[in-house]
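Working notes, beginning with the structure itself.
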Amino acid sequence: MSSAKPIILTGDRTTGPLHLGHYVGSLRSRVELQHKAQQYLLLADTQAMTDNVGQHQKVTNNVIEVALDYLAAGIDPELSTIFIQSQVPELAELTQYLLNLVTVSRLERNPTIKEEIRLRGFERDIPAGFLTYPVSQAADITAFKATLVPVGDDQLPMIEQTNELVRKFNSTVDRQVLVECEAVLSSVTRLPGVDGKAKMSKSLNNSISLGASADDIKKAVNRMYTDPNHLRVEDPGQVEGNVVFAFLDAFEPDRNALEELKAQYRHGGLADSVLKRRLNEHLQALLEPIRARRQHFAGDRGEVMNVLRRGTEKARQVAGQTVSEVKSALGLNYFNY
Ligand code: TRP
């Protein structure tokens, strides 16, 4: 037997380019995971359509942007398979079969969906495609027989619901066709916005994009919220809630030095400008090669589309195999005699 690598499936809705928060939260670990696992990366345009009705152009324009971010961050198409969800019709087909195995009330109880409905103000007018997107997500995962799914903790209910569907399907057909998966919490580090708001987001205008110029980075660092009571260098400062320290927690390689800086800041005598200069150097060093790769691929869109075409073809083969097993198990193989 060959030592089979675990199969990973993960992805992002294509509603905008990715930023440093995504890098820390998931991209950084995916770049490492691609060496240890067979990794599929899904550009979730179909899913993005479920809550962007009328904004389909934004969704489709961002497919290439997210792909550029993947390549820029160091996702290697020789190691990872990047593909476009809408171009794998087998996923929609599998979704259709799985939809019969879940009740509307179970979907309405999904905590992630409940929270998103609240955030979007859908109230009673919930698009059916939105309510059922956890089933489509279960299809994404099970079509590849993925065993590991890196997600943020807000997505844990999705994994639970996926595994319920796997058990329900297998017991219905009395065969082990689909495979249960396990969530890998991608990161404990969550970057705040540069303005101190809990979440970094492009729409809040408090993010640093992966393509940010050296000057953008410097300006963002200078803008970062620190401790408003740290007026003079010699005043004691607060580390908690201080954006510069939250970033240093994520990017400072010298952990001992970081502890010393925190102690010195709390005591008094350490200027914000010294910390900001240090953080700026780390961010410049990190983002310079990412920006260069992004520019390289942005100038060769044909090559990027080739990567996506090849990845999508491979994804269709794998998903197609699972869907034919699913259909056979359901007796939907009329012509295969
Ligand atoms: N729900 C994810 C997001 O909001 C995208 C996604 C779609 C996904 N299908 C998936 C993630 C399957 C992990 C596994 O961006």
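When a ligand or atom number is given, it counts from 1 through the structure's own listing order. Along the sequence shown, residues carry numbers from 1. We use all heavy atoms of the structure for the numbers below, so side chains are in, but hydrogens, waters and symmetry mates are not.
At a threshold of 4.0 Å, the pair Glu252-Lys262 does not count as salt-bridged, since none of the basic side-chain nitrogens sits closer than that to a carboxylate oxygen. Checked for salt-bridge contact, Arg120 and Glu116 meet the test: a charged N lies under 4.0 Å from a carboxylate O.
Taking only nitrogen or oxygen atoms, main chain and side chain alike, Arg13 reaches within less than 3.5 Å of ligand 1. Polar contact with ligand 1: absent for Asp12 (N/O pair, distance under 3.5 Å).
Dense packing is recorded around NZ of Lys58, with more than 12 heavy atoms of other residues, nucleotides or ligands lying under 6.0 Å away. No more than 12 heavy atoms of other residues, nucleotides or ligands sit less than 6.0 Å from atom NE2 of His267. More than 12 heavy-atom neighbours from other residues, nucleotides or ligands sit within 6.0 angstrom of CD on Glu240. Atom OH of Tyr225 sits in a sparse spot, with 12 or fewer heavy atoms from other residues, nucleotides or ligands closer than 6.0 Å.
Below 4.0 Å from some heavy atom of Asp140 lie the following atoms of ligand 1, by number and element: 7 (C), 9 (N), 10 (C). For ligand 1, the atoms closer than 4.0 angstrom to any heavy atom of Val149 are 13 (C), 14 (C). Within ligand 1, counting atoms from 1 as listed, the ones closer than 4.0 Å to a heavy atom of Leu42 are 7 (C), 9 (N), 10 (C). Shown in contact with Gln47 at under 4.0 Å from a heavy atom are these atoms of ligand 1, numbered in order with element: 1 (N), 2 (C), 3 (C), 4 (O), 5 (C), 6 (C), 7 (C), 9 (N). Atoms of ligand 1 found under 4.0 Å from any heavy atom of Leu9, numbered from 1 in the order shown, are 12 (C), 14 (C).
Nearest-residue assignment for atom 10 (C) of ligand 1 (options Gln137, Met158, Gln155, His22; heavy-atom criterion): Gln137.
When the side chains of ILVMFWY residues are joined at heavy-atom separations under 4.5 Å, either directly or via intervening members, Val179 and Val135 end up in two distinct hydrophobic clusters.
At a 4.0 Å cut-off, not a single heavy atom of Gln85 sits close enough to ligand 1 to count as contact.
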